[in-house]
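Working notes for the structure below.
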Number of protein chains: 2
Amino acid sequence: MDQGKQDGEAKLATDDADLRGPSRPVGLALRLVERVAEWQPIGASDLARRLALPKATVHRLLLALETFGWLERDGGSRPLWSVSMRPIAVGGRAIEWKSGLRIAALSVMDALRHQTGESIHLGLVDGENIVLIERIDGVNSVNIFLPVGTSWDLSWSSSGKSVLAHLPEGELESFLETPRYRRKSETDIIPVTELRDELTLIRDRGFAISVGVPPAASSSIGAAIFDKRGRPFAGLSITGASDRLREEQLLALAPQLVAAARRISIGMSMD
Amino acid sequence: MDQGKQDGEAKLATDDADLRGPSRPVGLALRLVERVAEWQPIGASDLARRLALPKATVHRLLLALETFGWLERDGGSRPLWSVSMRPIAVGGRAIEWKSGLRIAALSVMDALRHQTGESIHLGLVDGENIVLIERIDGVNSVNIFLPVGTSWDLSWSSSGKSVLAHLPEGELESFLETPRYRRKSETDIIPVTELRDELTLIRDRGFAISVGVPPAASSSIGAAIFDKRGRPFAGLSITGASDRLREEQLLALAPQLVAAARRISIGMSMD
DNA sequence: TTTAATGTCTCATATAATGAGACAATGAGT
DNA sequence: ACTCATTGTCTCATTATATGAGACATTAAA
């Protein structure tokens with residue numbers, strides 16, 4: 001069975017299609033970067049085996065990617081590869097540029113963290129995932145510090161579900177086409193239908209709640225952010241350790257969160 | 001004259017060498033990603049002109065990079081290109097994996113921000129740059145929120161200078177080989193020699209200070225973090241708005257900062 | 001010591017990259 | 001409304017590189 005969606009953490013790479021055709025080397029190289037990021041630190045042979053690619057091809061690409069500064073290896077006699085800082089540096093520029101969102105959100109997020117004491121997350125939709133692009137830390141003593149760049153399947157995080165709930169019907173359909181499961185315990189799996197019901201509730205209330213989301217077992221309450229055309233494209237959430245933020249506490253934060261998300265949406269529409 | 005180093009913000013890309021030879025398409029594609037990140041949003045022709053590459057080649061690569069999910073364009077009739085969330089997602093994995101550092105640093109950083117009230121930055125050396133990989137926000141009401149992924153030339157930021165000061169003599173030499181300037185005002189440029197003097201002072205005191213660093217005109221005090229072999233590879237800094245953190249305030253924070261950086265170095269050496 | 005992996009490299013062949021140029025669509029200037 | 005420089009897009013003959021099987025030395029484990 002295809003794993004990956006079950007554990008909530010989003011897959012990075014595009015499907016491992018055959019990739020014959022134009023720009024094949026580029027495609028292979030990028031896939032390599034993505035996979036190395038996922039499996040680092042990893043050896044060349046191991047990588048080739050997992051990708052079902054010839055050893056020589058992988059090796060050649062690894063050397064190229066090292067030359068260009070995207071990958072690096074440790075000094076061992078059997079080198080292990082990992083990604084360099086380059087992708088972060090590149091990604092940082094991306095965040096800075098989606099500044100319409102970031103700038104509009106920052107002051108609101110700062111105010112919200114002072115009101116609530118909790119950490120505030122800003123996520124941006126990327127295909128079927130939502131990526132954490134900014135985090136402002138709560139002033140409480142115990143906090144969760146998720147690294148920027150963490151991404152989740154839209155059906156997992158509270159802000160992701162908020163986005164889903166406000167998606168045009170057609171797009172939601174095609175999202176739900178790929179079967180999606182959520183594992184609560186080892187065997188307890190929530191199927192699609194229940195997610196649909198939850199989305200209806202979310203649309204009515206204007207916010208979503210998630211408890212015990214990996215990788216840090218955090219709990220959160222999230223709301224969607226809309227662009228000028230009324231399309232949900234990002235999410236704002238209040239996130240904290242599961243043992244402090246139980247459903248009751250989360251619900252109490254709802255009004256302030258929803259107001260903040262709306263304020264950001266409005267700020268985005270004024271250009 | 002070669003700009004770029006003067007404004008403190010680090011260059012992303014490798015040099016625009018001719019790139020003939022093996023893996024050329026991969027090299028071109030990666031350079032494209034880096035440049036688009038730098039200049040986004042940008043059109044295809046403009047990009048081709050700046051890179052001195054044929055329009056057709058650039059166009060083909062842009063389409064490929066879109067297919068693979070690394071670039072995207074707005075819907076306009078003259079599409080403008082920008083980078084997707086993919087690099088951040090990839091980079092996030094990188095950060096998570098340098099977890100030796102991140103994990104070791106987080107609790108210390110959290111403690112430090114509660115002691116001082118200011119924002120704490122963790123930077124990782126990447127070639128001649130230092131990249132912000134984690135930020136923990138101060139509890140004060142006025143704060144600077146630099147995006148993770150921001151990078152500076154080593155000679156600019158306080159933590160970068162701390163790293164430089166503790167570099168083996170040979171490596172420092174080759175770093176200073178490329179002429180480096182710092183612009184204080186439009187015409188006031190600090191040459192190499194003065195930087196050398198400053199590094200001596202930094203080595204003696206164990207910390208460095210920078211005032212008015214772009215892009216947010218922040219001021220900071222920084223100290224180097226060392227690996228098991230005693231090599232500086234990262235930096236810790238206390239950063240805030242220039243108008244609150246003047247040299248006097250920064251100096252007062254030095255003991256706590258230096259202690260925290262040492263604690264992280266020690267934590268890293270215990271594997 | 002044996003053995004099964006791994007990293008590295010070479011080379012003939014297949015395949016894709018290359019870039020000049022053509023074209024229509026666009027948008028700025030008048 | 002009309003001009004005209006510029007843009008995005010595509011084609012195609014030529015050239016250059018990618019490809020991947022296999023060989024080899026090296027390493028780590030049995």
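It should be emphasised that the depicted structure is a prediction, and the values quoted were computed from it without experimental measurement. Side chains are part of it too, since the values below use all heavy atoms of this structure and drop only hydrogens, waters and symmetry mates.
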Report yes or no: does A:S23 contribute a side-chain atom to a donor-acceptor pair with the main-chain N or O of A:V26 at less than 3.5 Å?
no
How do A:V26 and A:G43 order along DNA chain C: which one's closest nucleotide is nearer the 5' end?
A:G43
Do the charged groups of A:R50 and A:E38 touch, with an N to O distance under 4.0 Å?
no
Could you tell me how far apart A:L28 (CG) and D:dT17 (C1') are, to the nearest whole angstrom?
14 Å
For the side chain of B:S45, counting heavy atoms from C-beta on, which of C:dC9, C:dT18, D:dT7 is nearest?
D:dT7
Using whole Å, what does the distance between atom C1' of nucleotide D:dA28 and atom CG of A:L80 come to?
13 Å
Could you tell me whether A:E171 and A:R231 make a salt bridge, using a distance below 4.0 angstrom between a side-chain N and a carboxylate O?
yes
B:L47 CG - D:dT7 P separation (whole Å):
12 Å
B:S77 side chain, from C-beta outward: closest of C:dT26, C:dA16, D:dG20
C:dT26
Gap between atoms CG and P, on A:L65 and D:dA18 respectively (whole Å)
12 Å
Is a side-chain donor-acceptor pair under 3.5 Å present for B:W70 with A:E34?
yes
Would you indicate, yes or no, if C:dT18 has its OP1 or OP2 atom less than 4.0 angstrom from a side-chain nitrogen or oxygen of B:R60?
yes
Identify whether any heavy atom of A:T57 sits under 4.0 Å from a base atom; if not, whether one sits that close to sugar-phosphate; answer base, sugar-phosphate or nothing.
base
Looking at A:R135 and B:E134, is there a salt bridge between them, counting it only when a charged N and a carboxylate O are closer than 4.0 Å?
yes
Distance, rounded to the nearest Å, where B:H59 contributes NE2 and C:dC23 contributes C1':
13 Å
Protein-nucleotide distance (B:E66, atom CD; D:dT9, atom P), rounded to Å
9 Å
How close or far is atom P of C:dA5 from atom CZ of A:R49, stated in whole angstroms?
9 Å
Less than 4.0 angstrom between a side-chain N/O of B:R24 and OP1 or OP2 of D:dA16, yes or no?
no
With a 3.5 Å cut-off and just heavy-atom distances, do the side chain of A:K55 and the base of D:dG20 make a donor-acceptor pair?
no
Looking at every strand, decide which applies to A:A56 at a 4.0 Å heavy-atom threshold: base, sugar-phosphate, or nothing.
base
Could one point to a donor on the side chain of A:R78 or the base of C:dT6 with an acceptor on the other under 3.5 Å away?
no
Looking at C:dT18, C:dG7, D:dA21, which one has an atom nearest to any side-chain atom of A:P54?
D:dA21
Take the protein atom CG of B:L61 and the nucleotide atom C1' of C:dG19, then report the distance between them rounded to whole Å.
12 Å
